[in-house]
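Scroll down for the structure; my scribbles are underneath it.
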Amino acid sequence: MPRPIEALIHPGALSHNLARARAGAPDSRVWAVVKANAYGHGIERVYASLRGADGFALLDLAEAERVRALGWRGPVLLLEGCFEARDLELCSRLNLWHVVHCAEQIDWLAAHKTQQPQRVFLKMNSGMNRLGFTPGAYRSAWTRLNALPQVGEISLMTHFSDADGARGVAHQVAAFEAATRDLPGERSLSNSAAILRHGLANDWVRAGILCYGSAPDFPAHDIRHWDLRPSMTLRSRLIATQRLEPGDTVGYGSRYTAHEAMRIGIVACGYADGYPRHAGSDTPVLVDGVRTGTVGRVSMDMLAVDLTPVPAAAIGSEVTLWGCGPEVGGVPTELAIDDVAQAAGTIGYELMCALAARVPVHLAAD
Ligand SMILES: *Cc1c(COP(=O)(O)O)cnc(C)c1O
């Protein structure tokens, strides 16, 4: 028997979540953001569920090739654009749309030999200070692009730093609008948090994390609030149990001490599977669908859980690290990835992207 850990990808949840993006931006076209191998899910595994989107946005050219190999003939957008001049050949060959965020990318376009004018998304740095032209430099970049025979339609784009938090998006929207007021072209501003939290939708929205069933603004709101469903389950089983007496400790560094007699279970899941090592004791976990917590340090291949709330648990009991658990009394159970991430001092994005290659992944029946 293989080691009992596996990840499940839930097609029904992916299409449900994509429909939530559409409902939040009913007059917009929706990019399904599938960078980082579809946030760790696998581009090939999510494709059938997300192909109802208007386009796929990603940043690795090899991932763009994979989307085309799946038969997708619609828009594909490279979110960071080209990394060197010869990437433009692939853009021409695969008809990729690409972001232009710096003067060098315009130079490369000007030198590119193509019969086919390329569609570009000109990116403004409206305050994030990662990629893009400042509002003051934006218009001259647009004018330069617009004069190139290599360039067809120019769309206008920016990205928010605080759509999920207290600062919000208004200051960046104002900077963007002031600098683009009389420029033609389609607009793309919103990520998941801007769609859900601010109801902001222009010609194109960029829906990433919401497709995958994690709340972009957790803990202010959770996936139930936004009516999102987990698209990834990580589950395993108990491979041992131990009885502890008061004073007994658990795991490396003896980071947990039992204060009374208790039973713990040992789970076949560790940081080499992508489970966060920084998750301290009492990180939530389901055993046979019952919520309990971890005890002690996460090790490479194992972690320990408190079995006090699940006295019937034994070797073979199902353990849900995140996602969908078994039914209990006919009711499905669920553990949001955001709850686990918070206990480890991170965000759902990081956990799903970090699912390790050694974990077998299967498509769920739903
Ligand atoms: C990753 C990314 C997104 C998607 O962000 P989510 O928070 O996952 O919705 C949108 N736009 C750009 C430019 C990105 O890099």
Side-chain angles (χ1 to χ4, degrees), residues 14 17-25 28-41 43 46 50 53-61 63-64 67 75-83 96-102 105 120-133 155-165 167-169 172-173 176 186-218 220-221 223 226 228 230-232 337-338 341 346-354:
L14 289 162
N17 296 340
L18 179 64
R20 293 286 301 120
R22 284 232 181 269
S28 304
R29 273 163 292 161
V30 177
W31 293 110
V33 181
V34 295
K35 62 188 178 187
N37 199 22
Y39 290 50
H41 290 59
I43 288 175
V46 303
L50 296 184
D54 298 292
F56 289 97
L58 41 73
L59 37 82
D60 194 313
L61 281 93
E63 290 184 342
V67 170
V76 173
L77 177 65
L78 297 177
L79 288 167
E80 294 179 349
C82 293
F83 302 102
L96 308 179
W97 302 1
H98 51 102
V99 165
V100 171
H101 64 75
C102 63
Q105 290 175 327
V120 297
F121 278 61
L122 181 60
K123 186 158 187 181
M124 182 187 297
N125 169 13
S126 59
M128 170 79 109
N129 285 309
R130 243 173 22 176
L131 302 182
F133 295 90
S155 302
L156 317 181
M157 169 180 171
T158 196
H159 190 50
F160 298 126
S161 58
D162 291 78
D164 56 330
R167 194 173 180 204
V169 299
Q172 287 187 264
V173 172
F176 181 83
E186 295 186 335
R187 268 80 171 151
S188 179
L189 283 78
S190 295
N191 57 1
S192 295
I195 299 166
L196 294 174
R197 214 176 146 99
H198 302 283
L200 184 75
N202 299 82
D203 299 296
W204 291 88
V205 295
R206 307 187 301 270
I209 195 69
L210 81 80
C211 293
Y212 305 102
S214 164
D217 61 346
F218 187 85
H221 299 105
I223 53 171
W226 295 125
L228 301 172
S231 59
M232 179 193 284
I337 197 168
D338 299 322
T346 184
I347 52 178
Y349 296 74
E350 187 180 17
L351 294 192
M352 51 181 80
C353 290

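Indexing begins at 1, ligand by ligand and atom by atom, following the structure's order. Fair warning: this is a prediction, and the values are worked out from it, not measured in the lab.
For ligand 1, none of its N or O atoms has an N or O atom of Met157 under 3.5 Å away. Residue contacts with ligand 1: Ile209 is placed with a nitrogen or oxygen under 3.5 Å of a nitrogen or oxygen of the ligand (distance criterion only). Here's the thing with Arg130: none of its N/O atoms is less than 3.5 angstrom from an N/O atom of ligand 1. The shortest N or O to N or O distance between Lys35 and ligand 1 is below 3.5 Å.
At a 4.0 Å cut-off, at least one heavy atom of Tyr349 sits close enough to ligand 1 to count as contact.
In this structure, the separation between CG on Asp338 and CD1 on Ile347 is 9.0 Å, given to the nearest 0.5 Å. Separating the CE atom in Met124 from the CZ atom in Phe176 is a distance of 5.5 Å, to the nearest 0.5 Å.
Side-chain contact between Met352 and Ile209: present, with at least one pair of heavy atoms (C-beta onward) separated by less than 4.5 Å. Annotation: side chain of Asn191 is not in contact with side chain of Trp31 (no heavy-atom distance under 4.5 Å). Looking at heavy atoms from C-beta onward, Gln105 lies out of side-chain contact with His98 at the 4.5 angstrom threshold.
In the model, Arg206 has a side-chain atom that pairs as donor or acceptor with a side-chain atom of His159 under 3.5 Å. Remark: the Asp54 side chain and the Trp204 side chain contain no N/O donor-acceptor pair separated by less than 3.5 Å.
Looking from atom 12 (C) of ligand 1 to the surrounding protein, the closest heavy atom is His159 CE1, 3.4 Å. Protein heavy atom nearest atom 9 (O) of ligand 1, with residue, atom name and distance: Ser192 OG, 2.5 Å.
By the criterion of a heavy-atom distance under 4.0 Å, both the backbone and the side chain of Arg206 are placed next to ligand 1.
Listed by atom number, the atoms of ligand 1 under 4.0 Å from Tyr39 heavy atoms are 1 (C), 4 (C), 5 (O), 6 (P), 8 (O).
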